[in-house]
Amino acid sequence: MTLEPPPRPTNDDLEDLLLSCRYGDIDDVKLFVTEFDKEAVATVRDGNGNTVLHMTCGNGHLELLDYLLTIVPASLLSVSNNAKSTPLHWATTNKQLPIVQRLIEYPGGPGSALIDQKNQAGLTAIGEAEMQEWEEGAKWLVEKMTLDGDGGKEETGVEELPEGDAEGTEA
């Protein structure tokens, strides 16, 4: 007796999976995995190149992220969409600190190297946090940055403003 391969998901099934990730519907995601296997979860993209992790992380669904991290390759954490934004960029843009922390601290993942990835606008996750005026997230990310060979912090892609000049205007 040979095992039948799992059925292939339709485009509608894949779209439903992405929506389930966007809205944090873990039960529907688990049902998808049961019905179609986990391979499609790691490879599905929307029209903008977003993965299940972009949808999950941008919307702050920590329980779903924890589940997805058990079934997708760790390399998916650093996959960029069409705008070269990673799931970390999306989590940072939407001020999702528990998600940001999980992405950086995930064992076997890229770790702090994620912080250095720049999107199409030339911003790292720290740059996105600063654009959103999210001090808590920017501070946490800076603390997690990898030190460069000179003992200093690596470049973030964001220009440092003089202290007391939050608007970036010249004194």
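When reading the values below, keep in mind they use all heavy atoms of this one structure, side chains included, and skip hydrogens, waters and symmetry mates. Throughout, residue positions are numbered sequentially from 1 according to the sequence presented. Here the structure is a predicted model, which means the values were calculated and not measured.
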Which heavy atom of Val33 sits nearest to which heavy atom of Ile71, and what is that distance? CG2-CD1, 3.7 Å

Can you find a pair of side-chain heavy atoms, one from Gln117 and one from Ser80, that are under 4.5 Å apart? yes

If I take atom CG from residue Leu62 and atom CD1 from residue Ile99, how far apart are they, to the nearest 0.5 angstrom? 4.5 Å

Any side-chain heavy atom of Leu141 within less than 4.5 Å of one from Thr124? no

Shortest non-hydrogen contact from Thr86 to Ser78? CG2-O, 3.9 Å

About how many Å separate CG of Leu65 and CG of Leu53, when rounded to the nearest 0.5 Å? 6.5 Å

Name all residues meeting the side chain to side chain contact (heavy atoms under 4.5 Å, CB included) criterion together with Glu35; count only those two or more places apart in sequence or in a different chain, and write none if there are none. none

Residues two or more places apart in sequence or in another chain: which of them pass side chain to side chain contact (heavy atoms under 4.5 Å, CB included) with Ala121? Asn119, Leu123

Could you tell me the separation between the CG atom of Asn59 and the SG atom of Cys21, rounded to the nearest 0.5 Å? 10.0 Å

Could you tell me whether the side chain of Lys144 reaches within less than 4.5 Å of the side chain of Glu105, counting heavy atoms only? yes

Keeping the roles fixed (side chain from Asp16, backbone from Asp13), state whether a donor-acceptor pair exists under 3.5 Å. no

Closer than 3.5 angstrom, by distance alone: can the side chain of Lys95 be matched with the main-chain N or O of Gln132 as a donor-acceptor pair? yes

Side-chain donor-acceptor pair present, Thr93, Glu128, cut-off under 3.5 Å: yes

Provide the closest heavy-atom pair for Gln120 versus Lys84 in the form atom of the first, atom of the second, distance. N-CB, 3.5 Å

Residue pair Leu64 / Ser20: nearest heavy atoms and the distance that separates them: CD2-O, 4.1 Å

Could you list all the ring-ring contact (aromatic ring centres under 6.0 Å, His included) pairs where at least one residue sits in residues 67-102, not counting sequence neighbours? His54-Trp90

I want to check something: taking the side chain as every heavy atom from C-beta on, are Pro87 and Asn81 in contact at a cut-off of under 4.5 Å? no

Measure the spacing between CG of Leu18 and CE of Met55 and express it to the nearest 0.5 Å. 5.5 Å

Check Ala91 against Trp134 and note the closest heavy-atom contact, atom names and distance. O-CZ3, 4.5 Å

Which pairs of donor and acceptor atoms, one on a side chain in residues 39-49, lie under 3.5 Å apart (sequence neighbours left out)?
residue, atom, partner, partner atom, Å
Thr43, OG1, Glu39, O, 3.3
Thr43, OG1, Ala40, O, 3.4
Arg45, NH1, Ala42, O, 3.1
Arg45, NH1, Thr43, O, 3.1
Asp46, OD1, Asn48, N, 2.7
Asp46, OD1, Gly49, N, 3.1
Asp46, OD1, Asn50, N, 2.9
Asp46, OD1, Asn50, ND2, 3.4
Asp46, OD2, Asn50, ND2, 3.1

Please list, chain by chain and in numerical order, all residues satisfying side chain to side chain contact (heavy atoms under 4.5 Å, CB included) with Lys139, sequence neighbours excluded. Glu143

Tightest non-hydrogen contact, residues Glu136 and Leu97, listed as OE2-CD2, 3.3 Å

Considering only residues two or more places apart or on different chains, which pairs with a residue in residues 22-41 satisfy ring-ring contact (aromatic ring centres under 6.0 Å, His included)? Phe32-Phe36

Any side-chain heavy-atom pair of Asp27 and Leu31 under 4.5 Å: no

Under a 4.5 Å cut-off applied to non-hydrogen side-chain atoms, are Thr92 and Trp140 in contact? no

Nearest 0.5 angstrom please: Asp66 CG to Leu68 CG, how far? 9.0 Å

Output the distance between atom CD (Glu15) and atom CG (Leu19), rounded to the nearest 0.5 Å. 5.5 Å

Residue pair Thr56 / Val29, side-chain heavy-atom distance below 4.5 Å: no

